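Input: a single structure, listed below in structure tokens.
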Amino acid sequence: MTMNEATPRTQGLNASAMGVIAAFVAGAFWSLYTAIHAYDAPMRFHALLFTAFFVIGIAQVAAFRPPADRSQYNVKIVKYGVVASVFWGIAAFLVGVLIAFQLAFPALNFDTSFLNFGRLRPLHTSAAIFAFGGNVLIATSFWVVQRTSRARLAGEIAPWFVFWGYNLFIVIAGTGYLMGVTQSKEYAEPEWYADLWLTIVWVVYLLVFLGTLARRREPHIYVANWFYLAFIVTIAMLHLGNNVALPVSLFSSKSVIAYAGAQDALIQWWYGHNAVGFFLTAGFLGIMYYFVPKRAERPVYSYRLSIIHFWALIFLYIWAGPHHLHYTALPMWAQTLGATFSVMLWMPSWGGMLNGLLTLKGAWDKLRTDPVIRMLVVSVAFYGMSTFEGPVMSMHWVNGLSHYTDWTIGHVHSGALGWVGFVSFGALYCLAPWVFRRKQLYSLVLVEWHFWIATLGILLYITAMWVSGIMQGLMWRSYDALGFLEYSFAETVVRMHPYYVIRATGGVLFLIGALIMAWNIYMTARGRVRSGEPEVLAAPAGMAI
């Protein structure tokens with residue numbers, strides 16, 4: 001190491017740090033000014049949160065010094081991401097269990113606005129998708145892009161701004177839901193000022209990712225990074241397109257959406273379905289293409305197939321949104337277009353599933369001995385199942401039975417819990433010993449318990465919702481001899497009660513599994529190994545791949 005390389009530890013703030021501090025000072029003054037002149041309590045509270053963020057940020061940036069040796073990977077940011085992912089996962093699953101029991105036992109709404117199902121439901125979906133899923137994606141993408149590029153993460157302050165800025169967005173959105181602040185757009189509930197903040201954070205995220213790829217020491221960009229990049233770019237486009245709104249005032253938490261009627265519905269489900277397609281599918285396929293081969297210690301079965309999978313998926317998925325609007329005011333040609341592209345998605349989706357499963361060729365015995373790889377492989381199986389069921393439900397004749405019923409809830413959660421949940425858990429189990437620099441996980445036996453308890457929970461959940469949903473659809477379209485509806489809506493609600501209890505029980509089991517994981521990772525961080533555990537060494541933290 002030369003003297004010039006060591007000097008950053010002793011020098012003062014560089015120009016970029018000074019620029020960040022100047023921006024944070026301006027942000028702190030504006031946030032405080034907004035808090036003073038806010039029209040409503042939620043805006044005042046959120047403005048004060050922004051003020052606190054900027055003030056703490058100024059202190060942290062002023063004290064920050066870049067490392068002397070920048071040839072080492074930035075592991076610390078991934079470590080924080082692992083901890084945040086576990087925390088938000090448990091929070092999201094806990095709220096999900098509560099609202100599941102509220103549907104079965106309405107008294108659990110406690111006659112209060114803050115704990116009402118209408119406010120907790122978007123809190124659950126945003127916490128599960130954006131807080132848990134988003135932190136998993138940020139953490140894994142920062143790990144994968146460094147290893148596969150053999151280059152340190154671009155920037156020193158920027159990655160931390162992405163991490164803390166994104167989690168501030170989560171806090172702003174979640175507390176806003178509890179106070180009744182919402183745009184009432186599925187998966188896009190946060191109001192205008194939270195959307196603007198997320199836009200800033202997301203642009204920095206893109207620049208960090210691209211900057212790392214630009215300085216790579218590998219000639220090729222590994223396919224996992226293609227999926228991560230598609231996820232980052234497309235989510236930015238969807239976010240900007242769907243959230244065009246005019247604030248009532250710069251000091252008000254309320255805004256008016258730019259679109260109306262069928263146009264608003266079409267834009268919303270162009271966003272909503274592709275949030276599933278690019279946030280919950282493309283991003284997590286990036287995880288699959290790195291962690292499945294890594295854990296199996298096998299190369300990807302077919303790199304050519306992975307490239308075909310990528311281009312076919314990103315071209316077809318973007319057109320499928322209108323299948324959420326069958327039998328509505330949307331023109332029939334648009335509905336048919338959505339259904340057609342949904343059916344076409346079978347091919348790339350199953351190509352990717354088979355690519356993931358066949359990566360274990362010659363290593364199938366690992367399913368018996370390693371519960372982490374078993375969790376990853378089962379997640380790929382759930383991906384295949386969900387991407388079969390979705391196109392089936394997009395067909396008009398099936399959608400007429402399934403839409404607005406619990407069948408859709410079962411479909412969503414087979415993908416959310418089975419695919420997204422399990423591939424995330426598998427990635428976190430892989431990352432934990434790496435980022436905490438331990439030889440192995442605290443306990444593979446606990447991973448085994450997590451796997452089976454969570455799997456049972458998922459099966460209870462989705463089968464209850466499938467049965468309940470088909471029953472609902474059949475009861476709603478049942479007529480008597482005079483042509484009147486045979487069942488009232490209230491009668492269908494009564495019939496759904498036992499299935500809602502089963503669904504909530506499945507959620508409890510899934511939550512228990514996540515708590516087991518949290519304990520396992522905590523003990524791993526402390527450097528403990530459960531007595532009697534087989535020695536399964538993790539890959540050294542400094543390995544390039």
Side-chain angles (χ1 to χ4, degrees), residues 1 5-6 8-11 13-14 16-17 20-21 24 53 56-89 131-132 134-168 170 201 204-205 207-209 211-213 215-217 225 228 287 290-291 294 424 427-442 518 520-528 538-545:
M1 184 185 300
E5 289 173 321
R9 281 287 185 187
T10 57
Q11 287 179 347
L13 297 175
N14 57 27
S16 62
V20 172
I21 289 176
F24 278 19
F53 174 86
I56 295 172
I58 291 167
Q60 291 296 314
V61 174
F64 180 81
R65 296 295 182 273
D69 183 6
R70 301 194 189 188
S71 64
Q72 297 296 313
Y73 296 132
N74 188 343
V75 177
K76 189 175 182 181
I77 187 75
V78 184
K79 184 192 302 183
Y80 274 63
V82 168
V83 174
S85 299
V86 174
F87 171 80
W88 286 119
F132 171 64
N135 273 285
V136 168
L137 288 170
I138 291 172
T140 57
S141 66
F142 281 170
W143 177 274
V144 172
V145 74
Q146 292 185 88
R147 263 59 187 181
T148 57
S149 301
R150 292 199 298 131
R152 183 177 174 85
L153 205 61
E156 294 299 333
I157 297 174
W160 290 105
F161 173 76
V162 172
F163 174 77
W164 289 112
Y166 185 78
N167 280 279
L168 174 64
I170 297 300
V201 172
V204 177
Y205 181 25
L207 293 175
V208 170
F209 198 85
T212 308
L213 290 176
R215 64 201 296 186
R216 71 186 186 278
R217 290 186 289 166
N225 293 317
Y228 281 124
I287 296 177
Y290 179 85
F291 287 93
K294 184 71 174 173
S424 298
L428 292 172
Y429 279 128
C430 289
L431 284 173
W434 298 345
V435 298
F436 293 110
R437 302 186 185 278
R438 309 302 182 201
K439 288 185 176 180
Q440 64 185 83
L441 279 169
Y442 166 69
N520 206 353
I521 291 178
Y522 169 71
M523 296 301 286
T524 301
R526 294 189 61 187
R528 305 290 182 84
M543 283 186 68
I545 191 168

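Side chains are part of it too, since the values below use all heavy atoms of this structure and drop only hydrogens, waters and symmetry mates. Everything quoted here is computed from the prediction, not taken from an experiment.
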*I would like to know whether Val136 and Trp88 meet side-chain contact (heavy atoms from CB on, under 4.5 Å); could you show each step before the answer?*
CA-CA 10 Å; Val136 168; Trp88 286 119; over 6 Å; no
*Which is it for Gln60 and Trp160 under the side-chain contact (heavy atoms from CB on, under 4.5 Å) test, yes or no, and what are the steps along the way?*
CA-CA 10 Å; Gln60 291 296 314; Trp160 290 105; over 6 Å; no
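Between Val83 and Phe436 there is a side-chain heavy-atom pair separated by less than 4.5 Å. With a 4.5 Å cut-off on side-chain heavy atoms, Ile287 and Leu137 count as touching.
Heavy atoms of other residues, nucleotides or ligands lying less than 6.0 angstrom from CH2 of Trp164 number 12 at most.
Asn225 pairs by the side-chain hydrogen bond (donor to acceptor under 3.5 Å, both in side chains) definition with Thr148, not counting sequence neighbours. When the side chain to side chain contact (heavy atoms under 4.5 Å, CB included) test is applied to Ala17, the partners found at least two apart in sequence or on another chain are Leu13, Asn14, Val61, Ile157.
Distance alone, capped at 3.5 Å, places no donor-acceptor pair between the Arg438 side chain and the Val435 backbone. Between the side chain of Arg216 and the backbone N or O of Leu213, at least one donor-acceptor pair lies under 3.5 Å.
Atom CZ in Arg150 sits 5.0 Å away from atom CZ in Arg217 (nearest 0.5 Å). A distance of 13.5 Å separates CZ in Phe87 from CZ in Phe132, rounded to the nearest 0.5 Å. Taken to the nearest 0.5 Å, the CZ atom of Phe161 stands 5.5 Å off from the CZ atom of Phe53. Taken to the nearest 0.5 Å, the CZ atom of Phe209 stands 7.5 Å off from the OG atom of Ser149. Of the inter-residue distances, the one linking Thr524 atom OG1 with Trp434 atom CH2 reads 13.5 Å to the nearest 0.5 angstrom. Put simply, CG on Leu431 and OG1 on Thr140 are 7.0 Å apart, with the number rounded to the nearest 0.5 Å.
Minimum heavy-atom separation, Pro433 to Cys430: CD-O, 3.4 Å. Between Gly155 and Arg215, the closest heavy-atom pair is N-NH1, 3.8 Å. Taking each heavy atom of Ala84 and Asn135 in turn, the nearest pair found is CB-OD1, 3.6 Å. Of all non-hydrogen atoms in Ala518 and Val86, the two that sit nearest each other are CB-CG1, 3.6 Å. The minimum heavy-atom distance between Val208 and Ala158, with the atom names listed, is CG2-CB, 3.6 Å. The two atoms that bring Val75 and Arg437 nearest to each other are CG2-NH2, 3.8 Å, heavy atoms only.
Aromatic ring pairs are classed by plane angle as parallel below 30°, tilted from 30° to 60° and perpendicular above 60°; the pair Phe163 and Tyr80 is perpendicular.
The distance between the ring centers of Phe142 and Tyr205 falls below 6.0 angstrom.
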